[in-house]
There are 2 protein chains.
Amino acid sequence: MLHTDLAHSTQDCKACPIRHRAVCARCDADELAVLEEIKYYRSFEAGQTVVWAGDRMEFVGSVVSGVATLTQAMEDGRTQMVGLLLPSDFVGRPGRDGAAYDVVATTGLVMCCFRKKPFEQLMETTPHIAQRLLQMTLDELDAAREWMLVLGRKTAREKIASLLAIVARRDATLNLMTPNGKLVFDLPLTREAMADYLGLTLETVSRQISALKRDGVIVLEGTRHVVVPDFSRLLEEAGDDSDGGILS
Amino acid sequence: MLHTDLAHSTQDCKACPIRHRAVCARCDADELAVLEEIKYYRSFEAGQTVVWAGDRMEFVGSVVSGVATLTQAMEDGRTQMVGLLLPSDFVGRPGRDGAAYDVVATTGLVMCCFRKKPFEQLMETTPHIAQRLLQMTLDELDAAREWMLVLGRKTAREKIASLLAIVARRDATLNLMTPNGKLVFDLPLTREAMADYLGLTLETVSRQISALKRDGVIVLEGTRHVVVPDFSRLLEEAGDDSDGGILS
DNA sequence: AGACCTCCTTGACCCAGATCAATCTGCCAC
DNA sequence: GTGGCAGATTGATCTGGGTCAAGGAGGTCT
């Protein structure tokens, strides 16, 4: 349910070194040539803002490596993260001019971008691209709604476990492992960023991580490196009834 | 930002009596003929379930009148509403087999449906339909993310005001009024349903509504009929920095 | 080395909203 | 009428997570 599995496909994409088939799995040679022509890469440092909410966005694209966040803020400073962009995730709003939310790199970040205008033209003449984008957007919508349950109804401990489970699963998928048994990964977010994602304060995040550590659900090395000895235990802690279709 | 304004267009749609142009504003005569052929109506009573999460969904369509909700539940009973479907809102996941969430009518409900298979076929041969659906899905995604801020960061009072503002605005738009100054509408949800939408308990909902009434933000007649003497005041209470592009 | 960051942890206390419980208000059926 | 019931309100109390505050751990400067 969470995130698009298709987008994590290991199938190589000729128009883009990132191993996903978000755009071009069904493209013919001509279409690929266009994509290749309008493609470019951008790198960002940790903390750098990719685009500000409301700014004109000149591209659509995917995360090749690193992590970015989608964030919105109230004018009194309260902040809510509304999306977490991991490698292979798509960024952009075909047919829309402005960015809806701030996009910020939380680690070093490389993006594979397509210039927006010609991409949209390609989309208009290439039905399967619009269809693929629709599927991807439906996946994002599912993820957003899944997260609404986390925000609205889960306890702090369950929220933390849910976030860890998402990152762990995505990380495992990226490295072509099935996420059962032991998992090891690095948290790409500060405690404060996690708090903004989960609708908590950073102190509560810290306390609940300590609690999960104390209870043996996770092992921490340093502050970011996480070992999950038993993934299904983590899912239980997250209150997930489903396994997201990965375990079974 | 919230909800698709295009979908509330007053332009009549020949394939469907509901005044939206979700599907067919750019359709030619042949396409309209197909749509007309695969179209049918369904009515539901308050409380009736339209589809269960996971069930095969045989149609896509729009709400003609009445209100429905999208709901997901944890197995311990905690429930989160992830979408509120008002007249002209679109339901369905083109290209997906199952429903992702329970769809429940909270009032009497009439839906305009298109049989899913032929609709998808039409979509595959008609680029502008896929593009239109993409735009609608992007709107839903924006609404979901907006709601994440409500769930994650707003106080109970702000949450209630946010919900009232959404319903008031949609209701006004439906009746072709601009939502400034005085607004009158009926709440289509029980206190419990509101609580499930807002991540609160029904008692808190009731208390906060009483508080907004006491403070003159709203006037209640009975338990469902709401008068908003000053819409901008309501938006302030909701903590909205923006007016959703409606006031200005 | 020390000074100075940013990020994280932990403790003490507090409060918004949950929980538990009683009552009220229609409204329908008989 | 009266009983029953679903929805709503209101009160009393409790508690999970927020707030405020004090260090700690690591890093990068000079």
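By convention in this document, chain letters (A, B, ...) are assigned in the order of the sequence lines, proteins followed by strands, and residues within each chain are numbered from 1. Heavy-atom basis, side chains included; hydrogens, waters and symmetry copies ignored.
- Here R224(A) lies in heavy-atom contact (under 4.0 Å) with sugar-phosphate atoms only.
- Between R145(B) and E140(B) there is no salt bridge, since none of the side-chain N atoms of the basic residue sits less than 4.0 Å from a carboxylate O of the acidic one.
- Listed by residue number, E203(A), T204(A), R207(A) are the residues of residues 203-221 of chain A with a heavy-atom contact under 4.0 Å to DNA chain D.
- Nucleic acid contact for G47(B): none, since no nucleic acid atom lies under 4.0 Å from a heavy atom of the residue.
- With a cutoff of under 4.0 Å to any heavy atom of chain B, the contacted region of DNA chain D is bounded 5' to 3' by dA8(D) to dA12(D).
- Atom-to-atom, CG of D196(B) to P of dA18(C) comes out at 12 Å; the value is rounded to the nearest Å.
- Applying the side-chain hydrogen bond (donor to acceptor under 3.5 Å, both in side chains) test to every pair with at least one member in residues 214-224 of chain A, sequence neighbours left out, gives these pairs: R157(A)-D215(A), R191(A)-T223(A).
- In this structure R78(B) satisfies the salt bridge (Lys or Arg N to Asp or Glu O under 4.0 Å) test together with E158(A), D76(B), sequence neighbours excluded.
- Applying the salt bridge (Lys or Arg N to Asp or Glu O under 4.0 Å) test to R42(A) and every residue at least two apart in sequence or in another chain returns nothing.
- Inter-residue side-chain proximity for D142(B) and R93(A) is flagged as met; some heavy-atom pair is nearer than 4.5 Å.
- Taking 4.5 Å as the limit, some side-chain heavy atom of L212(B) sits within range of a side-chain heavy atom of I160(B).
- T223(A) comes within contact range of the sugar-phosphate backbone alone, with a heavy-atom separation under 4.0 Å but no base atom that close.
- Spacing between atom CE of M194(A) and atom P of dT9(C) amounts to 9 Å, rounded to whole angstrom units.
- Legend: residues meeting side chain to side chain donor-acceptor pair (under 3.5 Å) with D171(A), ordered by chain and number and at least two apart, are N175(A).
- Note: NZ (K154(B)) to P (dA16(C)) measures 18 Å, nearest angstrom.
- T79(A) meets the side-chain contact (heavy atoms from CB on, under 4.5 Å) test with T71(A), A73(A), D196(A); sequence neighbours excluded.
- Not counting sequence neighbours, the partners of T204(B) by the side-chain contact (heavy atoms from CB on, under 4.5 Å) test are A156(B), L200(B), T201(B), Q208(B).
- Look at CG on L151(B): it is 13 Å from P on dG17(C), rounded to the nearest Å.
- Remark: V51(B) engages M57(B), A99(B), V103(B) in a side-chain contact (heavy atoms from CB on, under 4.5 Å) (not counting sequence neighbours).
- In this structure, L202(A) places its CG atom 10 Å from C1' of dT9(C), rounding to the nearest Å.
- Between the axis at the start and the axis at the end of the helix from dA1(C)-dT30(D) to dC30(C)-dG1(D) there is an angle of 30°, using five pairs per end and rounding to 10 degrees.
- D240(A) pairs with exactly one of R233(A), K154(A), K159(A), R169(A) by the salt bridge (Lys or Arg N to Asp or Glu O under 4.0 Å) rule, that one being K154(A).
- In the region residues 183-190 of chain B, proximity to DNA chain C at under 4.0 angstrom, judged on heavy atoms, holds for none of the residues.
- The side-chain contact (heavy atoms from CB on, under 4.5 Å) search around V167(B) returns L84(B), L163(B), F185(B), P188(B), not counting sequence neighbours.
- Two residues are said to be in side-chain contact when any heavy atoms from C-beta on lie closer than 4.5 Å; M81(A) and Y101(A) fail this criterion.
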